[in-house]
Structures are given as C-alpha cells and as structure tokens.
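Data first, discussion second: the structure below is written as structure tokens.
We're numbering straight along the sequence, starting at 1. Reckoned from all heavy atoms, side chains included, excluding hydrogens, waters and symmetry mates.
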Amino acid sequence: MGQQRKKPNKMSRVKKTLLASAATAGFAGAALAQVTNPTAPLKMQTDYFGYSAGVSARAGYSDNINLQRGALKKDEFFLSTLFTGGAIVSTPRVTGLILGDLDFSYLLNQGDFRVSQNIAATSTFTAVDNWLYFDLSGSTTRQLVGDNARFSGNINAARNQQANVHTYSASPYIFRQNSDESTTELRYRYSQVFVDDQKSLSSLLFGSSIQDSVTHEALAQYDTGRKFDQLHIRLTAYGSDTTEDGVAPFPDFGYRQGSLSASAQYALSSRFALSGGVGYDEIENQGASALFFSDSDLSGFFWRAGFSAQPGARSSIRLEYGQRYGDDFIDADARYQISRRFLFTASASRSFRTRAQFATSRFRSTQRGALEFADRLRAGDELDARSVIEAANWYARGQSSGLSQTNGVTVSNNASAGLVGSFDRTELSFRGYYSDDDFGYRQVESIGGGLDLRRRVTRKLTGYGSVTYRRIDTVFDPATCEANPLVFGFDPTDPAFDAMTDCADLAANNGVTNTVVGRLGASYRLYENASVFVEGSHTERFAPNPDLEYAENSILAGITLDF
C-alpha cells in the first residue's frame, strides 16, 4: 500500500510454480477449463507490462456427448480453436491482471457452434498513497447448474448441465498504515453475480432457477500490526446485505448480517502464540431463507481459541476451535514450504452465505495479492498468474462446490489441503477438499481430490496425466418438498403437479454420486513456439441409482502456437 516500488534487478529468472493454496478448480472444472498445455508463465517484457498467449487448433471425439446411459448415448466429432493467455500491466498507480481461456467449438454431427469461456480479471488503483484505493474484479465462466450436474473431461459434454456465470465487484476503500505500524481500513464493496441458465436442462424442466445475486458489504478494521512486541490485536466491524433474486417459480433468498469482533495473538515465544477471538453476529433472514433458518439460532455471541506456531523458518500453523452460527467449528490454516520447490497448504473455516456470493468472496486479498505479484515479476521471477486471479475472485477455490451454482443460503463447513511443486523434469499438484453445506431444506456433503503430473521426457517431449474424484451426497426430506414446493422448483398451481409423486421423483434423482475423471496425454515441440499434442480422457460416475450413472471416453489432438 503506497510502498516504494523496487526496480527490477538482474538476477537470473527462476521458474517457480505459484499456485493457489488447495486450488482445485472444482473437479467439475475438468469439463470447463480444457487446457491441454501448461499455462505459460508471465514474464516482464518491460518494467510495467508482461503477457503470455497461445492458440490451439484441435479436433476431438466423444462416445457419449450427452453423458447418458444405454440407448440415449450419442457420439460426436468436434473441431475447436482455443485461445489462452494472460497479461499484466503495472504502474505506480495501477496494477491489473487478466487471464483466461476462450474456446470456440463446432459439433459436426449436431451442426452446433458453441463458445466456452473461463476468463477473469482483477485490478487495483492507488488514488492517494497510503490513503485511498479502489479494487475492481470480474469473471465470466461456464459453470455447472446444481450440485449433481453431469460433467466430464470433455468441455463440450453435457452442455445442458451448464450455465454462463458472470461476476464483478467494485470496492473503494481507505487503507492507512500509521507511523506506529498499525493499520486502519474502511471499505465498501458491491458485488453482483449473473447466471444465464436459460439453455440448461434445469431451466427447460423448471424454468430459470438461478438469477442475479447482489451483495453490499461494509468493513471497518483496526490492526495493531507490530505496534506491540508480543500482542497483536485486530478489531473489526462488518455488515452485509445479500439478495438472491428468485424467478418463477423460485422465491427470493437473502439475509442481512452485522458483526462485531475482536481477535488477538499473544506471543509466548518467537515461534509460539496463543490466539483467538470473540464477537457477536446479528443475522436477519429474508424471503425463503426465513422459512428454514431461525435468526435466533444464527445470531449471538461467537468465539474461537487456539494457537499459532512457526515450528521452523519454512512452516506456520494456526489452529482454533470455536462456536458460531449455532454449532462447533474449526478455523485453521497451515503452510509448509517443504523445500524451495514444494509447498503444502491447508485450511478450514465456517461461513454463512449464498452460493453466488461464494463466487465473489475473498475481496480483501485482491490488492495486496496483485501488488505482491507485480513486485515479484519485476524482481525477475516467471510466474503463473492463475493464483492471483483465483485468490481475487475465489475463482477456483475447491471447497464446497467447485464450479457449480445453486440457489439458497447455506451454513458451510469447509476444509481443503494442497501440495504443489516441481523437481528435475517433473511437476505435480495434489489437492483435496471437504465441505458440508446446510441449506436448511437440504444438505449437501462434498468430498473431492485430484492429482496432476507432468513429466518432461526429453527436451521436446512432455507427458502429462491427471486423476480427479468428486463425491456428492445431496439429502432432503420429501415432506419438506411437499410443504415448500416452490423452493424445489415446482409450481403448485400447475394442474399436472402432484406433490407426493414429484417430490419423490426429485429425491430419487438426488443422493450419492461418485465421479472419477482420468486424463493422459503427451505433447511434442516441433519448433520453439509450436507443438502438437494428443490426449485421451475417461469419465465415469457411480451411484446407487443406475439412472445417475454414465461413462464417457474422449480423445483430443491438435497443434499449439505460443506467442
């Protein structure tokens, strides 16, 4: 914040893997971000500008483009062009990043042209050094509609299970670092999510189910920083108003939240400190949320207590236990730099939010992350910009749902862990997550994990592969559906509506599903900036209900040019 910017030094460029901690991209993301080559690291071409870009021409085949069973299966050939890349611009007043993929595909058998996007941008503006700032972020992606939507390793499979999701947020704020190293922050943030699901299967059956979500947030925070030798205190006042607009037949969901909190850390030694916090929440549910959540159960005093430690120069951990939103929870984060090339991270938390609001969270890290990223590029590092984009937009934080949208407000318990690194000619990434979402009228448990490997076999030949797993358990009481059919997407005024039969059918199409996606491929560099590749993927879903099962094999080949 207003810090003096260092000029780039002459140190040799060292390629480092910089990935978001435990970023899983929601394992549905395998279907939505089909990039076969590694993301090119951004490099500073001048003091203030850098970019990476690539274009791929490809052809592919799927033996089950609709992800159905038996006679409903249809195969498909397709041609596509993928544009991928990113850019950074940084001046003493402005730092901006944009990154993403844009795929244009044509399905030959269906004669259908399709566009898939996975693009995000974040920027921060310094109006007055150490005083006034402005953050602006946005994204546009293809995401799944519903927790049990079908997906595979093929970007064009089951398009009727997907929707376009557009998000943006704007945040003016005051940030002041005082002479005693304490800081003061006053912030307002407006964020909005647009979900265009008009062509999804859910929309065809029930009408458009997920629409605009608007959130207003206000924050006032004082942090003592290094003002005291052993004691670190943070005082926070926070307020928000979130509305998720309903569209027929779905009702509105929303809530207002105000909270006051104080957290503290007291160092018993240079490597160990006691930590914790207390506060009070006042929550007012609005619309359909009031039917399933009691304000008195969610409101009230909350607390957490535990410790933070630095066992070594490369490791840190904070582990706290507490109570909030009517139940126990663990709030934790850990980081271990195993070596210069390997990093392990983990976290756990509890929150109350809408799924759409989840897509635009993490706003407080936007400016700091973007500024630090730009400084590292100027210092000579070659870095992958996805981590900064993901942190700013909560773009691929693999916790509760991956890249899926659904309606309602939820109390969520989340945990995630990840390991990223590289050695010799091999790069790897492992990640796992767990979440338990209580929407009041239904509960969703999600467990997932994945492993990505990339091996440079020779100077020109690279092999890569990945395995991802996602388990979803969706549970609701049919009696709740019969009593509140609107919330489940049914129109009780429809003459054909039968509450008992329709709710029982809906329950049968929920429950447990286990999806596994495997991918294996290789790329061969023909010239300095040109390479050919071929890869195959297999996706299979297992479920107690045979109607929810499916399998798909797909193959993709093409040529890529890097710029």
Side-chain angles (χ1 to χ4, degrees), residues 22 215 217-223 231-242 253-268 272-286 289-309 316-334 345-355 357-358 361-362 364 394 397 399-401 408-417 433-447 473 475:
T215 300
E217 295 171 290
L219 172 78
Q221 188 172 89
Y222 173 75
D223 195 312
L231 183 63
H232 177 201
I233 299 174
R234 177 178 294 169
L235 305 175
T236 304
Y238 172 80
S240 69
D241 186 345
T242 298
F253 285 85
Y255 69 94
R256 293 176 179 173
Q257 179 177 8
S259 65
L260 297 173
S261 64
S263 61
Q265 245 184 27
Y266 184 76
L268 298 179
F272 185 84
L274 299 177
S275 64
V278 295
Y280 183 83
D281 286 317
E282 185 65 37
I283 294 178
E284 176 187 331
N285 283 285
Q286 302 169 320
S289 301
L291 298 174
F292 307 105
F293 290 104
S294 169
D295 294 350
S296 60
D297 290 340
L298 297 172
S299 301
F301 288 97
F302 63 87
W303 62 271
R304 52 184 172 81
F307 68 90
S308 61
S316 64
I317 182 174
R318 180 183 60 85
L319 179 61
E320 296 175 340
Y321 167 82
Q323 291 185 334
R324 193 173 191 181
Y325 306 129
D327 206 349
D328 301 348
F329 76 104
I330 293 176
D331 191 59
D333 53 70
T345 56
S347 65
S349 63
R350 181 172 172 84
S351 60
F352 181 68
R353 64 187 178 213
T354 67
R355 186 67 61 77
Q357 185 188 19
F358 177 69
S361 301
R362 199 71 184 274
R364 293 179 57 204
W394 205 285
R397 186 81 165 182
Q399 293 183 349
S400 65
S401 64
V409 181
T410 172
V411 179
S412 301
N413 291 307
N414 304 289
S416 61
Y433 70 92
Y434 169 82
S435 74
D436 183 10
D437 293 346
D438 183 357
F439 288 86
Y441 62 98
R442 61 188 177 93
Q443 293 74 43
V444 181
E445 183 183 60
S446 178
I447 302 172
D473 185 3
V475 179

Looking at [atom1] of [X] and [atom2] of [Y], how far apart are the two atoms once the value is rounded to the nearest 0.5 Å?
| X | Y | atom1 | atom2 | value |
| --- | --- | --- | --- | --- |
| D436 | S446 | CG | OG | 10.0 Å |
| R353 | T410 | CZ | OG1 | 7.0 Å |
| F329 | S351 | CZ | OG | 10.5 Å |
| E282 | S299 | CD | OG | 4.0 Å |
| N413 | D327 | CG | CG | 7.0 Å |
| T242 | F253 | OG1 | CZ | 13.5 Å |

Closest non-hydrogen atom pair, [X] against [Y]:
| X | Y | value |
| --- | --- | --- |
| A267 | A273 | CA-CB, 3.7 Å |
| S275 | S308 | OG-N, 3.9 Å |
| L298 | D281 | O-CB, 4.2 Å |

Side-chain donor-acceptor pair under 3.5 Å between T236 and Q221, yes or no?
-> yes
Tell me yes or no: between the side chains of D295 and N285, is some donor less than 3.5 Å from an acceptor?
->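 Note: D295 and N285 side chains meet the donor-acceptor criterion.
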Step by step, work out the side-chain contact (heavy atoms from CB on, under 4.5 Å) result for Y325 and I283.
-> CA-CA 9 Å; Y325 306 129; I283 294 178; 3.6 Å; yes
Near F292 CZ, under 6.0 Å, is it more than 12 heavy atoms from other residues, nucleotides or ligands?
-> yes
Taking atom CD1 of I317 as the centre, does the number of heavy atoms from other residues, nucleotides or ligands within less than 6.0 Å exceed 12?
->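 It does: I317 CD1 has more than 12 such atoms within range.
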Side-chain touch Y321/D328, heavy atoms, less than 4.5 angstrom =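 The answer is yes; the side chains approach within 4.5 Å.
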Would you call N414 and Y433 a side-chain contact if the rule is heavy atoms closer than 4.5 Å?
-> no
What about the rings of [X] and [Y], do their centers lie closer together than 6.0 Å?
| X | Y | value |
| --- | --- | --- |
| Y255 | F352 | yes |
| W303 | Y280 | no |
| F272 | F307 | yes |

Report the C-alpha separation of F302 and S261 in whole Å, then their side-chain angles, then the decisive distance to 0.1 Å, and conclude whether the side-chain contact (heavy atoms from CB on, under 4.5 Å) test is met.
-> CA-CA 9 Å; F302 63 87; S261 64; 3.8 Å; yes
The single option from R318, R350, R324 passing side chain to side chain donor-acceptor pair (under 3.5 Å) against D331 | R318
Going through the checks in order, is the side-chain contact (heavy atoms from CB on, under 4.5 Å) test met by Q286 and E284?
-> CA-CA 7 Å; Q286 302 169 320; E284 176 187 331; 4.1 Å; yes
CA sep, side-chain torsions, deciding dist, call: E217, S240, side chain to side chain donor-acceptor pair (under 3.5 Å) | CA-CA 4 Å; E217 295 171 290; S240 69; 5.6 Å; no
